[in-house]
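Working notes for the structure below.
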Amino acid sequence: MARITASVFTSHVPAIGAAMDLGKTQEDYWKPLFKGYEYSKQWMKDNKPDVIFLVYNDHATAFSLEMIPTFAIGTAAEFTPADEGWGPRPVPKVIGHPELASHIAQSVIQQDFDLTIVNKMDVDHGLTVPLSLMCGELDPKKDAWPCPVIPFAVNVVQYPVPSGKRCFALGQAIRKAVESFDDNLNVHIWGTGGMSHQLQGARAGLINREWDNQWLDLMINDPVACANVPHIDYVREAGSEGIELVMWLIARGAMADVNDGKVTGPLPTVKHRFYHVPASNTAVGHLILENT
């Protein structure tokens, strides 16, 4: 059967992608951030998955405020990098895995989660920046991402947004779906977005180091309590865009220690943890967990 062996968590700040695309990674401002992903790039080479299930949020490219699904799974054979106003990022197109994606959709919907099935969409920095951070700079003319990717878009833009508890439960449903797939596939699940940041209003520029790191501790060691953190806490402590962190709980809920909403097995192994501010106006968090 297929299995989820690891989860990856990372911010997906658009300025990070621009720094890579414009050759600025060794500038004084950016160098400390990219140093934090050196281990991760080697880990990715040493632990190459067959498929990545990548949880992210769309930024008004595939969807708009006219119509935005709460949970949407990409089932296409390929996904083109989106033009977000300044041209598409110079990265390879994303190859999908329609068979596994369709199987997950069928299984998760039968577990009473309503998903939107997306057979054609472009993918923006929410998906491509994490891939670049973990896989390095690739030439779209001659290189490819190391494996197929299933995009899974979550609405954390237009209120109301899903709760952490709902996302955590969804992760458990996704793991059950993966484990019921017949092919022997090694799957990684990635949760992206966050950490604390606010892009507008009187608190624009807010970053909360202490809260971010306490939240990371909780997600690793007591994911059930983390899943029950109320929405207002994210807004109050991590800024209006800090709610993106609920997407990390999908990936955390998919780990092997969580069953029926409880921690029933050994906690996953922390392979790498990194935190850095600032990256543009955002706190960057990064974590790699492996099932034990």
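These values consider heavy atoms only, across backbone and side chains, with no hydrogens, waters or symmetry-generated copies.
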Less than 4.5 Å apart, any side-chain heavy atom of [X] and any of [Y]?
X: W43; Y: V8; value: yes
X: W30; Y: I16; value: yes
X: K41; Y: C135; value: no
X: V51; Y: V149; value: no
X: F152; Y: I189; value: no
X: P268; Y: D257; value: yes
X: S40; Y: L133; value: no
X: V94; Y: L127; value: yes

Are any side-chain N or O atoms of [X] and backbone N or O atoms of [Y], one a donor and one an acceptor, separated by less than 3.5 Å?
X: K120; Y: A76; result: no
X: W190; Y: P130; result: no
X: D50; Y: N186; result: yes
X: Y56; Y: M247; result: no
X: T10; Y: T192; result: no
X: S64; Y: A60; result: no
X: E244; Y: M195; result: no
X: S196; Y: N208; result: yes
X: S7; Y: R252; result: no
X: Q198; Y: Q200; result: yes

State plainly whether one hydrophobic cluster holds both [X] and [Y], where clusters connect Ile, Leu, Val, Met, Phe, Trp and Tyr through side-chain heavy atoms under 4.5 angstrom apart.
X: L115; Y: V187; result: yes
X: F9; Y: I150; result: yes
X: L249; Y: L287; result: yes
X: L170; Y: V157; result: no

Which atom of [X] lies closest to which atom of [Y], heavy atoms considered:
X: K262; Y: V224; result: CA-CG2, 4.0 Å
X: L54; Y: G126; result: CD2-O, 4.3 Å
X: A279; Y: V13; result: O-CG1, 3.6 Å
X: F113; Y: A173; result: CE1-CB, 3.7 Å
X: G191; Y: A251; result: N-CB, 3.7 Å
X: I104; Y: A177; result: CA-CB, 3.9 Å

*Scan residues 154-173 for pairs that pass ring pair (Phe, Tyr, Trp, His ring centres under 6.0 Å), counting only residues two or more places apart or in two chains.*
Y159-H231
*Which residue pairs satisfy the ring pair (Phe, Tyr, Trp, His ring centres under 6.0 Å) criterion with at least one member in residues 58-85, sequence neighbours excluded?*
H12-H59, H59-H125
*Between H197 and W211, is the ring centre distance below 6.0 Å?*
no
*How about Y275 and H286: are their ring centres within less than 6.0 Å of each other?*
no
*asked:* Quick one, Y29 with K24, criterion side-chain contact (heavy atoms from CB on, under 4.5 Å). Give me CA distance, side-chain angles, the key distance, then yes/no.
replied: CA-CA 9 Å; Y29 181 87; K24 296 184 176 183; over 6 Å; no
_Exactly one of N184, L185, N291, V178 should register a side-chain contact (heavy atoms from CB on, under 4.5 Å) with R3. Which one does?_
N184
_I need the single residue from V156, V55, V229, N57 that forms a side-chain contact (heavy atoms from CB on, under 4.5 Å) with V246. Which is it?_
V156
Suppose we screen for side-chain hydrogen bond (donor to acceptor under 3.5 Å, both in side chains). Which residues come up paired with [X], at least two apart in sequence or across chains?
X: D58; result: T61
X: W145; result: none
X: H103; result: S180

*Does atom CG of D46 have more than 12 heavy-atom neighbours from other groups under 6.0 Å away?*
yes
*State whether the number of non-hydrogen atoms from other residues, nucleotides or ligands found under 6.0 Å of D260 atom CG is greater than 12.*
no
Hey, what do you get for [atom1] ([X]) to [atom2] ([Y]), rounding to the nearest 0.5 Å?
X: Q106; Y: Q111; atom1: CD; atom2: CD; answer: 10.5 Å
X: I174; Y: I73; atom1: CD1; atom2: CD1; answer: 7.0 Å
X: E237; Y: L206; atom1: CD; atom2: CG; answer: 9.0 Å

*Which class fits the ring pair H272 and F274: parallel under 30°, tilted 30 to 60°, perpendicular over 60°?*
parallel
*Scan for salt bridge (Lys or Arg N to Asp or Glu O under 4.0 Å) pairs involving residues 89-111, sequence neighbours excluded, and state none if there are none.*
D21-R89, E78-K93
_Verdict with reasoning, V258 to T264, per side-chain contact (heavy atoms from CB on, under 4.5 Å)_ = CA-CA 6 Å; V258 180; T264 60; over 6 Å; no
Is a salt bridge present between [X] and [Y], judged by a nitrogen-to-oxygen distance below 4.0 Å?
X: R209; Y: D212; answer: no
X: D217; Y: R273; answer: yes
X: E179; Y: R175; answer: yes

*Going through the checks in order, is the side-chain contact (heavy atoms from CB on, under 4.5 Å) test met by S107 and Q110?*
CA-CA 5 Å; S107 176; Q110 289 301 309; 5.8 Å; no
*Would you please test L289 and K271 for side-chain contact (heavy atoms from CB on, under 4.5 Å) and show each step?*
CA-CA 6 Å; L289 301 180; K271 300 299 293 185; over 6 Å; no
